[in-house]
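Here the structure is a predicted model, which is why all the values come from computation and not from measurement.
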Amino acid sequence: MSQRVNIAPDIFQQEIEKLKKENLTLSFQLQQFKALESENEKLREVLNFKNQKKLELAGVEIIAFSPSTWERAVFINSGDKDGLKPGMFAIDEEGNLFGKLVEVKESSSRLAIVSDPNFNLPVFIGDEVFGLLKGNLDGAKILYVENGENLQNGDLVWFKIPPFTAPIKIGTIKSIHKSTSSLFWKIDVKLLLKDKILNKIFIVK
Amino acid sequence: MKISILKAFIFLLFLFFLDLLKPFGYSLPTEFLFLGIVYLSLNCDLKRLLILSAIFGYINDTFGQAAVSLRTLEYVVVSLLAYNLRINFMLIDRKSENFLIMVAIAFALFFIHIIFSSFMMKLFLPLFILHYLIQSTLIYLFLVWILKDRILNRYNLNNVCSL
């Protein structure tokens with residue numbers, strides 16, 4: 001019993017020291033990142049690049065779902081008075097695309113989820129290919145892809161919200177095929193959005 | 001009459017809130033309000049049925065994306081169809097208005113709802129439709145059992161319209 005009492009503080013002491021070291025390393029890394037950021041900004045100024053805006057996010061809560069099963073839409077508790085506008089995009093807690101604002105009222109808004117059949121968005125697949133993403137209740141598909149020869153299952157589907165340069169992830173290719181009579185490739189997308197019921201999402205302003 | 005229509009209204013309102021809150025998320029594609037409309041179509045008189053169908057179709061439309069009140073139209077048409085089917089079966093043989101026929105009519109109404117919705121959304125998803133049909137039928141049977149065995153029989157009532 002007495003041995004246990006003696007050992008326990010040692011373990012805690014070691015753990016505290018380990019955490020202190022980690023904390024110190026992380027604070028050094030943070031300083032390094034800040035220095036890199038300022039250096040990056042200076043270089044951008046020298047190269048006459050446009051200043052990259054910082055991603056401004058507004059946390060909102062989902063208050064209800066669209067009653068129809070044939071639509072994928074939610075209602076959120078923010079609206080016009082919070083600076084929201086139709087066409088703004090929403091992301092989940094992990095930074096994946098959740099949907100797009102389609103209707104904004106004074107204190108509430110309607111948001112179409114990526115899998116909604118009326119949701120359309122031009123997207124990139126991999127590095128070179130692009131097409132039009134369209135929701136289909138279970139997931140989404142990409143239309144009008146002409147040059148899909150080099151694509152394969154698991155390739156990332158993403159897009160950019162101008163003026164931010166960081167890519168926003170949407171999903172990965174689930175299946176890809178092309179019939180001989182068709183001009184375009186048929187691509188099914190597995191969304192990264194999780195099936196669980198979300199309460200909080202973020203609107204990109 | 002006024003009291004019973006109010007209770008049927010509250011019954012549908014409860015189902016509508018279930019649709020809004022979706023306690024099981026999108027893993028359960030059943031539309032509870034439509035189940036309620038089907039249940040009332042097979043148990044209520046036409047006047048009450050049409051009033052409630054129109055009201056809840058309209059409420060559903062206000063929360064939807066469609067510019068035209070298609071759900072109002074659909075619910076009213078479905079109610080009329082269900083009522084006429086019910087009357088028709090009763091005319092052929094009064095004893096034949098049994099449980100199996102009621103379930104068959106309910107299943108037919110789910111199918112009509114699927115065709116209507118698929119056409120409206122320009123979508124044809126066989127797996128989703130199968131999923132929807134199976135879940136809706138099972139939940140409908142559960143709803144009937146809950147209402148009949150647990151609520152109506154306890155208070156010696158015939159149906160939800162006479163609550």
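For A:Ile63, the part lying near chain B is the backbone, with the side chain staying farther off; criterion is any non-hydrogen pair under 4.5 Å. Residue B:Leu125 touches chain A through its side chain alone, counting heavy-atom pairs closer than 4.5 Å. Contact of A:Arg110 with chain B is made through the side chain alone, with heavy-atom distances under 4.5 Å. Residue contact with chain A, scored on non-hydrogen atoms closer than 4.5 Å, involves the side chain of B:Phe16 exclusively. Both the backbone and the side chain of B:Ile114 come within contact range of chain A, with heavy atoms under 4.5 Å apart.
Side-chain contact check for B:Met120 versus A:Trp70: every heavy-atom pair is 4.5 Å or farther apart. Side-chain atoms of A:Thr69 and B:Phe34, non-hydrogen and from C-beta on, never get closer than 4.5 Å to each other.
Summarising the local packing, CD of A:Glu22 is surrounded by more than 12 heavy atoms from other residues, nucleotides or ligands at distances under 6.0 Å. Heavy atoms from other residues, nucleotides or ligands lying under 6.0 Å from CD of A:Gln29 number more than 12. Residue-environment remark: CG (A:Asn150) stays at or below the threshold of 12 foreign heavy atoms within 6.0 Å. More than 12 non-hydrogen atoms from other residues, nucleotides or ligands lie less than 6.0 angstrom from CG of A:Leu24. Environment of CZ in A:Phe184: crowded, with over 12 heavy atoms of neighbouring residues, nucleotides or ligands closer than 6.0 Å. The environment of NZ in A:Lys169 is sparse: at most 12 heavy-atom neighbours from other residues, nucleotides or ligands sit within 6.0 Å.
Closest heavy-atom contact between B:Phe128 and A:Asp138: CD1-OD1, 4.1 Å. Here the shortest heavy-atom pairing between A:Ser68 and B:Arg71 reads OG-NH2, 3.5 Å. Listed here is the closest heavy atom pair of A:Pro67 and B:Phe63: CD-CB, 3.5 Å. Closest approach of A:Pro117 to B:Leu123, counting heavy atoms only: CG-CD1, 3.4 Å.
Taken from CG in A:Leu137 to CD1 in B:Ile129, the straight-line distance is 10.0 Å, to the nearest 0.5 Å.
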